[in-house]
Amino acid sequence: MTPIEHPISLPAAAITNDWSVLPAWLPVPGLGALPVNAFLLKGREPMLVDTGLASLSGDFIGRLEAELDLEDLRWIWLSHTDADHIGNLNRLLSAAPNAQVITNFLGAGKMGMMGVGAAERLRLLEPGEVLEVSGRRLHQVRPPYYDAPETMGFLDSDERVLFTVDAFGALLPGMVGDIAEVPAATLREGLVGWSSIDAPWLAHMDGMALAAILNHLNDLAPAHVLSGHLPVARGIDGLTGIIRSAYGRGTSDAVGPEHIAHIEAAIG
């Protein structure tokens with residue numbers, strides 16, 4: 001794992017034939033580094049999932065343009081309206097004139113209050129609606145934990161790709177190219193540390209209810225798990241197992257208010 005001192009954007013990396021990740025990393029002094037990912041689905045109707053950090057705007061747009069002509073971008077799936085997920089939305093809407101933003105009613109309302117996006121370019125999904133993109137079906141999935149009520153993940157049922165938004169994010173000691181480089185104990189601590197910031201309420205959730213949600217995700221049997229804040233994982237059982245065991249014992253004490261303030265400042 002490579003320590004970092006400044007935010008960094010990396011070239012796109014293939015996940016499947018059509019899916020790729022646009023990875024970036026954000027340093028968190030005292031805690032290590034946080035992945036900040038966007039994802040790209042190629043095909044007849046290319047779709048970008050989230051829009052990256054505004055502080056890396058030039059690099060992010062350049063990485064995306066290396067993968068496709070922005071005039072061909074058809075969809076932008078907006079998982080939720082946090083700054084690290086909509087950082088380049090307005091710039092992309094200007095550069096990609098044929099792209100529409102996929103969100104829901106609450107997401108649209110929050111974007112309106114924030115003055116981002118364009119109402120005429122929104123595609124609102126109804127609860128439970130299945131979206132067909134490039135000949136495949138994307139089923140809405142509510143992640144087991146999140147920090148914004150409009151959060152929308154999905155399952156690509158054709159390639160068994162599950163997008164969990166902020167869930168299963170991890171603070172890691174440094175930048176890695178593959179999740180296999182992260183020791184099991186380090187991954188556990190990273191998952192608990194990030195969740196202490198992003199969803200502290202999870203520590204107080206009813207254990208039976210949490211287990212039912214995690215069991216449902218296991219039953220989906222994804223081949224690839226995409227998180228906004230974790231290197232791409234193969235399968236989900238290991239991740240759900242960590243959350244299942246960790247939250248009987250509460251959240252991490254390693255994350256203090258100064259760490260949270262730093263992350264908020266970096267992504268704001």
Side-chain angles (χ1 to χ4, degrees), residues 1-10 13 21-39 50 52-56 60 79-80 82-85 87 143-148 151 153 162-205 210 214 225-234 236 238-268:
M1 285 178 273
T2 305
I4 59 172
E5 297 182 358
H6 306 285
I8 184 171
S9 171
L10 299 175
V21 56
L22 294 161
W25 290 82
L26 181 70
V28 183
L31 292 177
L34 179 70
V36 182
N37 300 319
F39 303 94
D50 288 337
L53 291 164
S55 60
L56 292 171
F60 180 83
S79 66
H80 62 308
D82 282 1
D84 52 330
H85 297 262
Y145 51 100
Y146 46 87
D147 64 359
T151 293
L162 177 66
F163 174 50
T164 63
V165 193
D166 282 357
F168 306 116
L171 285 158
L172 300 174
M175 183 174 65
V176 298
D178 192 289
I179 197 170
E181 301 173 38
V182 184
T186 301
L187 180 60
R188 181 193 182 281
E189 289 306 308
L191 283 165
V192 175
W194 170 246
S195 299
S196 298
I197 295 172
D198 202 54
W201 52 266
L202 188 60
H204 309 290
M205 186 173 179
L210 177 60
L214 297 176
V225 178
L226 316 185
S227 168
H229 302 296
L230 184 76
V232 175
R234 301 166 190 86
I236 199 169
L239 299 175
T240 55
I242 290 171
I243 297 301
R244 188 190 306 272
S245 64
Y247 279 87
R249 295 190 289 275
T251 55
S252 171
D253 294 328
V255 180
E258 69 279 6
H259 300 122
I260 297 174
H262 179 84
I263 292 175
E264 290 175 341
I267 67 176

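Values in this document were obtained by computation on a predicted structure and should not be read as measured data. Residue numbers start at 1 and run along the sequence shown.
- Listed by chain and residue number, A167, F168, I213, L214, L217 satisfy the side chain to side chain contact (heavy atoms under 4.5 Å, CB included) test with P144 (two or more places apart in sequence, or in another chain).
- Here L34 contributes atom CG and L230 contributes atom CG; the two are 9.5 Å apart, rounded to the nearest 0.5 Å.
- Within the 4.5 Å cutoff, the side chain of I197 has no heavy atoms near those of the D147 side chain.
- Side-chain contact between F39 and V232: present, with at least one pair of heavy atoms (C-beta onward) separated by less than 4.5 Å.
- A donor-acceptor contact shorter than 3.5 Å links the side chain of S195 to the backbone of L191.
- Sorted by first and then second residue, the side chain to side chain donor-acceptor pair (under 3.5 Å) pairs with a member in residues 23-36 form an empty list; sequence neighbours excluded.
- Every residue meeting the ring-ring contact (aromatic ring centres under 6.0 Å, His included) condition with H80, not counting sequence neighbours, appears here in chain and number order: H85.
- When side chains are defined from C-beta on, H6 does not count as touching S55, because their heavy atoms never get closer than 4.5 Å.
- Within the 4.5 Å cutoff, the side chain of P35 has heavy atoms near those of the P231 side chain.
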Could you go through residues 172-180 and list every donor-acceptor pair under 3.5 Å that involves a side-chain atom there, pairing it with any protein atom two or more places apart or in another chain?
{"residue": "D178", "atom": "OD1", "partner": "A180", "partner atom": "N", "Å": "2.7"}
{"residue": "D178", "atom": "OD1", "partner": "R234", "partner atom": "NH1", "Å": "3.3"}
{"residue": "D178", "atom": "OD2", "partner": "R234", "partner atom": "NH2", "Å": "2.6"}

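- The structure places CD1 of I8 at 12.5 Å from CG of L53, a figure rounded to the nearest 0.5 Å.
- With rounding to the nearest 0.5 angstrom, the CD1 atom of I242 is 9.5 Å from the CD atom of E189.
- Smallest separation of non-hydrogen atoms from V165 and S227: O-OG, 3.3 Å.
- Rounding to the nearest 0.5 Å places CG of L239 at 13.5 Å from CZ of R188.
- Paired with H229 under the rule side chain to side chain donor-acceptor pair (under 3.5 Å), one option of T164, D198, N37, D84 passes, and it is D84.
- D50 contributes a side-chain N or O that, together with a main-chain N or O of S79, makes up a donor-acceptor pair within less than 3.5 Å.
- Shown here for L56 and A24, the closest heavy-atom pair between the two residues is CD1-CB, 3.9 Å.
- In this structure T240 satisfies the side chain to side chain donor-acceptor pair (under 3.5 Å) test together with N218, sequence neighbours excluded.
- Counting all heavy atoms, side chain and backbone alike, D166 lies closest to Y145 at O-CE1, 4.4 Å.
- With sequence neighbours excluded, no residue satisfies ring-ring contact (aromatic ring centres under 6.0 Å, His included) with F60.
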